[in-house]
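Remarks on the structure that follows.
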Amino acid sequence: MSPQYTTMALLDELNQVQRQAVEYTDGPSMIIAGAGSGKTRVITYKIAHLLEKGANPFSIMALTFTNKAAREMRERVEKLIGNTEARSVWLGTFHSIFARILRQEAEHLGFTKHFTIYDTDDSKSLMRNILRSQELSDKIYKVNTILGRISSAKTNLISHIEYNNNQDLLQVDYQAGRPKTGLIYTLYQESLKKANAMDFDDLLFNTNILFRDFPEVLYKYQKIFKYVLVDEYQDTNYAQYLIVKKLAAHNENITVVGDDAQSIYAFRGANIQNILNIERDYPDLKTFKLEQNYRSTQNIVNVANSIIEKNKNQFRKKIWTENGEGDKVVLFNTTTDNEEGNMVARHIFDVVNKERVTHDKIAILYRTNAQSRALEEALRRLNIPYKIFGGMSFYKRKEIKDLLAYFRLVINPLDQEALLRVINLPKRGIGATSLDKLKIFADQNGISLWDAMSKRIREAGLPGPTAIKIFEFTQMIEALRIEVEKKDAFEMATEIGKASGLMQMLYQERNDDEGIMRFENVEELLNGIQDFCLTELGEEEEPTLKTLPVFMEDIALYTDADDKDKQDGEFVSLMTIHAAKGLEFPYVFIVGLEENLFPSIMAINSREELEEERRLFYVALTRGEKKVFLSFARMRYKYGSAMSSEPSRFLMELNADFIQDDSGLITEPADEPLIDFEPNKKVWSNKPARRPITNPDKSRLKKMEEIAKSEPTSSGNQSADYKDIVPGAVVQHQRFGKGKVLSVEGLGADAKAVVFFNNFGNKTLILRFARLDIL
DNA sequence: GTATTATCTAAGTCT
DNA sequence: TAGATAATAC
């Protein structure tokens, strides 16, 4: 370990306030960090500074909200001080760090260390089962509503027992026509316990229980963690607040970093109050305010400030910058959402060609994931490389979840959701009727479904052949189970794939394009597991066996945004504004600025909700470094039918001085009469005073079209593109990356190509689905 | 028990 | 539109 920097040199890279914040290491502090003010820089330098002062890396806990932020932070600390020490810092998301602690201490709470973490789909499926067993209508007891209610109870540390004793809560449920919500909460928690499983909220809830009921355990961790740092503090909920408070109570070396103006997770229980709480908890709290923005141009900062000023609830502060004035923020509009996509694509085409920037400098941000489709199609038409974050990720695919469910079951046979998912996959003749009987039998005897199947199947009253099939299934799982700690993850995974018959089934189903994709996806998962087993082995630490449970712990809280393959390469990034928090891009497009979309229709009924939407807009704007584009469409497809839309109220709040208004919405009123795209629909009916010009800048538009058309590869329909896929061509695949075409068989969209990818070897791809881009 | 077809309905952001 | 569930036929 040889520090590359001395402490002094390290601190010289900070401005005065940043430096003070970093140097204040003994005692509680809060850093209010405006957008782009070097927040991550301060946290990483503080960790590095602590290490240089001789702190044990194991004594530092740094909590973030996303794995991505955690990884980025770790990399930056490694760069500052050399990596061996940085690797030992407890740096991760709230959920992953406390899942780790919960596994270590699981037996205190009546779980095993191999408990399963249920994702949202598992929770929903479990909830549906409970509603069915209670014969409650899922029309009245909406799965999402009930789960939302349970979730908010848990984040406020209200157990199901307390819930059922709380007259206020019961009253609310009663008046909402859902008097059995409390009972359902109890049944839900009991099911989780029986399944040796926790949902996302339980990870925080149970950590609180652990620290509350086992003071000696709490004390142990209080002594270990001398320094606790929390990123994005404005987005913590009560459960998180209390964990942090308890952990830090012994040493009081707590650093929280946040910005109330960027609080966008109130819907998930985040509580701004936590900022006030911490001031109350630590009367000698030292506060640092970072207000200088190093990221954006003056125009962008000014526009962002003009928006956030409209919020009543905020700690007054204003970010400022010494950066240049820059271009004005561009506002344009289009007739439809598809046209919006086209316009964005053309603007990107223009920016790339004129400003000579690469595609990875550009992001398109939207309010909802559903908006990505129109954008995606438009980008593809102009051959603009892009990557979508969020939405359907690799780990959400059916075939992947199926195999993972087998893994889960082998690790934790009590995992009922996994069991139900795979018991009849491939088909074993175990249908719904048998399972219903078994569930009733298990409930009556107070045992788990797994125990009913594996231990008392004779008593369940099933037809002989069915009982035998079920018993054989449990025997197969048990046999695999014996080996799960002895073999490495890859060996185990392939064995499970084989023994279950799943691989064979998928192999046989490769008769259409989707079948081939499914098989390839599973292959990719197995390759990934192999990589997992190979990496980190042979390093200086003692080589531990990378077992399947270790792999599963690693990916349990993995999300699409963490995908390492997606980090690099020259691609336009598409994501929700929520996902963009903490990121920055030179060019940012914020699309769909329409009423009922942004602000969301769900959030226009109270000032609090509306202010959160406004903060969201503020977050979006402040992602931009050089230039920001805003757009809205006058018509948008929703559930297949066209709906007219009005421009967002937020657009009227923009300070026009810093806007280049191509839409005519906020500057000059239109002189031409309003032209409706559909004569019978009144589009702007509610906004008589401010009428928009109907069309965007036509001359510009036409020119863009010419540029687009002059490009040989972007001249229109997809079939033209297929012609370019010939042996020898270098292509780009969304997941496999760069590759070389070896051979092509067939014609047009249905043709199959064999492509060699550097990282994945030879793949046979159907052109229609492969979406290959010519490089 | 399984495969196919018809019907219904969803509002959103994330670990 | 699309995905999930219910109904129907085999």
Side-chain angles (χ1 to χ4, degrees), chain A residues 63-70 92-99 117-125 128 132 138-139 142-145 147-148 151 154-155 198-205 232 235-237 239-240 263-270 337 365-371 373-374 389-393 395-396 398 423-436 462-463 465-466 469 555-562 575-582 592 596-605 609 612-613 615-617 619-620 636-643:
Chain A
L63 300 165
T64 64
F65 271 75
T66 63
N67 293 310
K68 192 178 174 178
T93 63
F94 270 95
H95 289 83
S96 68
I97 293 275
F98 294 110
I117 298 172
Y118 272 11
D119 67 14
T120 321
D121 288 341
D122 296 318
S123 297
K124 279 186 191 167
S125 154
R128 276 189 215 104
R132 213 169 299 147
D138 58 3
K139 300 247 153 60
K142 298 251 185 216
V143 171
N144 284 331
T145 311
L147 283 173
S151 173
K154 285 191 198 172
T155 53
M198 299 189 195
D199 68 12
F200 288 138
D201 297 316
D202 285 334
L203 296 175
L204 304 174
F205 182 88
E232 309 281 10
D235 288 327
T236 52
N237 58 37
Q240 290 164 324
S263 160
I264 54 174
Y265 282 103
F267 74 92
R268 205 171 85 188
D337 50 352
L365 309 180
Y366 35 78
R367 180 66 181 80
T368 69
N369 280 304
Q371 289 166 257
R373 228 183 65 187
F389 293 82
M392 184 77 165
S393 81
Y395 286 96
K396 278 188 178 152
K398 183 185 177 300
I423 180 89
N424 203 27
L425 192 96
K427 296 271 181 299
R428 298 188 175 86
I430 304 166
T433 337
S434 305
L435 288 173
D436 282 347
L462 291 174
T466 313
K469 281 182 225 159
I555 63 156
L557 297 164
Y558 189 93
T559 59
D560 192 48
D562 305 320
M575 63 183 89
T576 63
I577 300 165
H578 283 90
K581 192 180 72 163
N596 298 339
L597 180 63
F598 195 7
S600 161
I601 189 164
M602 309 293 286
I604 51 176
N605 294 318
E609 289 174 315
E612 175 145 317
E613 295 287 305
R615 290 193 295 271
L616 195 56
F617 188 30
V619 168
R636 190 169 288 278
Y637 281 91
K638 217 177 179 187
Y639 304 134
S641 56
M643 307 279 282

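A, B, ... follow the sequence lines: proteins, then strands. Residue 1 opens every chain. The analysis underlying the following values was restricted to heavy atoms, covering all of them including side chains, and did not include hydrogens, waters or symmetry mates.
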(request) Report the nucleotide, chosen from B:dA3, B:dG12, B:dT15, that has the shortest atom-to-atom distance to any side-chain atom of A:Met602. (result) B:dG12
(request) When you get a sec, tell me which of B:dC14, B:dG1, B:dT2 is the closest nucleotide to the side chain of A:His578? (result) B:dC14
Give one of base, sugar-phosphate or nothing for [X], where a contact means two heavy atoms less than 4.0 Å apart.
X        : result
A:Arg373 : sugar-phosphate
A:Arg128 : sugar-phosphate
A:Lys142 : sugar-phosphate
A:Ser96  : nothing
A:Asp119 : nothing
A:Tyr637 : nothing
A:Gln371 : nothing

(message) Between the base of B:dG12 and the side chain of A:Glu612, is one N or O donor paired with an acceptor at under 3.5 angstrom?
(response) no
(request) For A:Ser434 and for A:Tyr639, locate the closest nucleotide of DNA chain B by heavy-atom distance; then report the residue assigned to the nucleotide nearer the 5' terminus. (result) A:Ser434
(message) Which is more 5' along DNA chain B, the nucleotide nearest A:Gly431 or the one nearest A:Ile601? Just name the residue.
(response) A:Gly431
Student check: side-chain heavy atoms of [X] and [Y] closer than 4.5 Å:
X        : Y        : value
A:Lys581 : A:Tyr265 : yes
A:Thr120 : A:Phe200 : yes
A:Tyr366 : A:Ile577 : no

